[in-house]
Amino acid sequence: DLDKKMSKDAAAITRFSFMEYNQRAKDPAPILERFEKYLLDPSVISISANGAKFDAWIYNIYRQLLGKSLDWSWYSRHVDIQILEKAAVLGCPIPQIGTDEWTFFNIRLGNYHERGLKTNLAYLCGVYDVPYDASRHHVEALYDVELTKAVFDKQIRKLDIFV
């Protein structure tokens, strides 16, 4: 049903091909299992751009579609570069990662919206002088990961983050 649920505009922006998807599609259960081997490992701190909001929900929807319960156990060990930027701009103190305060910080700032407060990945690349190619963003997942890491590497030098 994916071809009925995804808009033509979304498919065009992401260069999504239903034909290619159907040719390359795999059983999602082993993919989730491999992903969770890292995400749910208590020694791993995950890093994302907008992962504390959008990706967190997509992950848990994925789990539910496979008959699993919601899992937020990783959330207190997750760093979202967009939330860090909000904290920097708003002058919010950054709590210790892994604590309840960190979790509440992510929820509170993840839900905070203010007109003119930009934190998207393209914007952050400009702020932190990371080379950015709009034609690859949202199209190549590995490229987005590389951008996120490059921004984070510069953020941790600028912000008071306790890892």
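Small disclaimer: the values here were computed from a predicted structure and weren't measured.
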Answer whether the closest heavy-atom distance between the side chains of Ile31 and Phe35 falls below 4.5 Å. no
Evaluate the side-chain proximity of Gln64 to Leu70: yes if any heavy-atom separation is below 4.5 Å, no if none is. yes
Just do the salt bridge (charged side-chain N to carboxylate O under 4.0 Å, His left out) check on Lys149 and Asp153 with the steps written out, would you? CA-CA 6 Å; Lys149 181 185 182 315; Asp153 286 345; 2.7 Å; yes
Hey, does Glu85 have a side-chain heavy atom less than 4.5 Å from the side chain of Gln155? yes
Counting only N and O atoms by type, is there a donor-acceptor contact under 3.5 Å from the side chain of Asn106 to the main-chain atoms of Ala52? no
Treating Ile, Leu, Val, Met, Phe, Trp and Tyr as nodes and any side-chain heavy-atom pair under 4.5 angstrom as an edge, say whether Leu84 and Phe104 lie in one connected cluster. no
Is it the case that more than 12 heavy atoms not belonging to Tyr62 sit under 6.0 Å from its OH atom? yes
Test side-chain hydrogen bond (donor to acceptor under 3.5 Å, both in side chains) on Ser43 and Asp41 and set out the steps. CA-CA 5 Å; Ser43 68; Asp41 180 336; 2.7 Å; yes
Test side-chain contact (heavy atoms from CB on, under 4.5 Å) applied to Ser48 and Lys53, step by step: CA-CA 10 Å; Ser48 72; Lys53 292 290 293 174; over 6 Å; no
Between Leu121 and Ile81, does a side-chain contact (heavy atoms from CB on, under 4.5 Å) hold up when you go through it step by step? CA-CA 9 Å; Leu121 188 53; Ile81 63 171; 3.7 Å; yes
Donor-acceptor under 3.5 Å (Arg77 side chain, Leu39 main chain): yes
In sequence, state the C-alpha distance, the side-chain angles, and the governing distance for Trp72 and Asn60, and then conclude on side-chain contact (heavy atoms from CB on, under 4.5 Å). CA-CA 8 Å; Trp72 295 96; Asn60 273 304; 3.3 Å; yes
Would a distance-only check, ignoring hydrogens and angles, find a side-chain to backbone donor-acceptor pair under 3.5 Å from Lys86 to Leu109? yes
Does the side chain of Leu117 come within less than 4.5 Å of His113's, by heavy atoms? no
Heavy-atom count around Glu114 CD within 6.0 Å, excluding the residue itself: above 12? yes
Which label fits His137 and Tyr132: parallel for a plane angle under 30°, tilted from 30 to 60°, or perpendicular past 60°? perpendicular
Do the non-hydrogen side-chain atoms of Leu32 and Tyr59 ever get within less than 4.5 Å of each other? yes
Hydrogens and angles aside, do Asp71 and Ser73 bring a side-chain donor and acceptor to less than 3.5 Å of each other? yes
